[in-house]
**Student:** 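Got a structure for you, written out below as structure tokens; questions coming shortly.
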Amino acid sequence: MNNVIKNRIQELRKENGLTQKELADLCKVKQSCVSKWERGATLPDIEMVIILTKILNTTSDYLLGIKDF
């Protein structure tokens with residue numbers, strides 16, 4: 001599950017034309033936080049998942065690996 005989430009955050013960030021810094025600014029976190037998500041060192045909490053789905057134009061099911069579309 002952790003690999004799916006980290007890969008999807010990175011994939012969606014790039015698809016949306018965002019750098020780690022830009023995504024971090026939109027999420028109101030440090031760039032190192034986004035880097036940790038994308039490396040799988042940490043996971044976003046549930047509130048951040050909601051924020052990420054809005055910023056990255058996706059669903060929580062896709063972001064979390066529950067569905068593949």
Side-chain angles (χ1 to χ4, degrees):
M1 176 74 78
N2 193 16
N3 282 337
V4 171
I5 296 169
K6 73 178 192 172
N7 292 339
R8 297 232 167 131
I9 291 172
Q10 184 176 51
E11 163 199 324
L12 291 164
R13 174 181 61 76
K14 289 179 179 181
E15 283 180 11
N16 282 275
L18 298 169
T19 65
Q20 284 187 348
K21 174 75 168 111
E22 290 167 334
L23 180 57
D25 289 346
L26 291 169
C27 291
K28 296 182 176 39
V29 297
K30 293 182 179 181
Q31 184 270 329
S32 62
C33 188
V34 173
S35 175
K36 288 178 183 177
W37 296 337
E38 291 186 2
R39 287 185 284 116
T42 62
L43 294 171
D45 65 26
I46 191 67
E47 290 179 12
M48 189 54 63
V49 168
I50 294 167
I51 292 168
L52 285 167
T53 61
K54 292 177 182 177
I55 293 169
L56 299 174
N57 302 308
T58 192
T59 65
S60 57
D61 283 356
Y62 182 77
L63 188 66
L64 300 174
I66 297 168
K67 293 189 178 180
D68 288 333
F69 55 90

**Student:** When you measure from the side chain of D61 to the backbone N and O of K67, does any donor-acceptor pair fall under 3.5 Å?
**Tutor:**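 Not a single qualifying donor-acceptor pair exists.
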
**Student:** Without placing hydrogens or testing angles, list every side-chain donor-acceptor pair under 3.5 Å for residues 49-59, not counting sequence neighbours.
**Tutor:**
{"from": "T53", "atom 1": "OG1", "to": "I50", "atom 2": "O", "distance (Å)": "2.7"}
{"from": "N57", "atom 1": "ND2", "to": "N16", "atom 2": "OD1", "distance (Å)": "3.1"}
{"from": "T59", "atom 1": "OG1", "to": "Y62", "atom 2": "N", "distance (Å)": "3.1"}

**Student:** Any side chain to side chain donor-acceptor pair (under 3.5 Å) pairs touching residues 27-36, not counting sequence neighbours?
**Tutor:**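 Side chain to side chain donor-acceptor pair (under 3.5 Å) check on residues 27-36 returns Q20-Q31, S35-R39.
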
**Student:** List for me each residue that meets salt bridge (charged side-chain N to carboxylate O under 4.0 Å, His left out) alongside K21, sequence neighbours excluded, and say none if there are none.
**Tutor:**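 Expected list: D25.
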
**Student:** Is any side-chain heavy atom of L63 closer than 4.5 Å to a side-chain heavy atom of P44?
**Tutor:**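 Side-chain contact under 4.5 Å: no.
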
**Student:** How would you list, by chain and number, every residue that makes a salt bridge (charged side-chain N to carboxylate O under 4.0 Å, His left out) with D68, sequence neighbours excluded?
**Tutor:**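 Salt bridge (charged side-chain N to carboxylate O under 4.0 Å, His left out) check on D68 returns R8.
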
**Student:** To the nearest 0.5 angstrom, please state how far the CG atom of N7 sits from the CG atom of L12.
**Tutor:**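 Nearest 0.5 Å value for the CG-CG distance: 10.5 Å.
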
**Student:** From M48 CE over to T42 OG1, what is the distance, rounded to the nearest 0.5 angstrom?
**Tutor:**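 Atom-to-atom, M48:CE and T42:OG1 are 10.5 Å apart.
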
**Student:** Determine whether I5 and L64 make a side-chain contact, defined as any pair of heavy atoms from C-beta on separated by less than 4.5 Å.
**Tutor:**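 Touching, per the 4.5 Å side-chain cut-off.
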
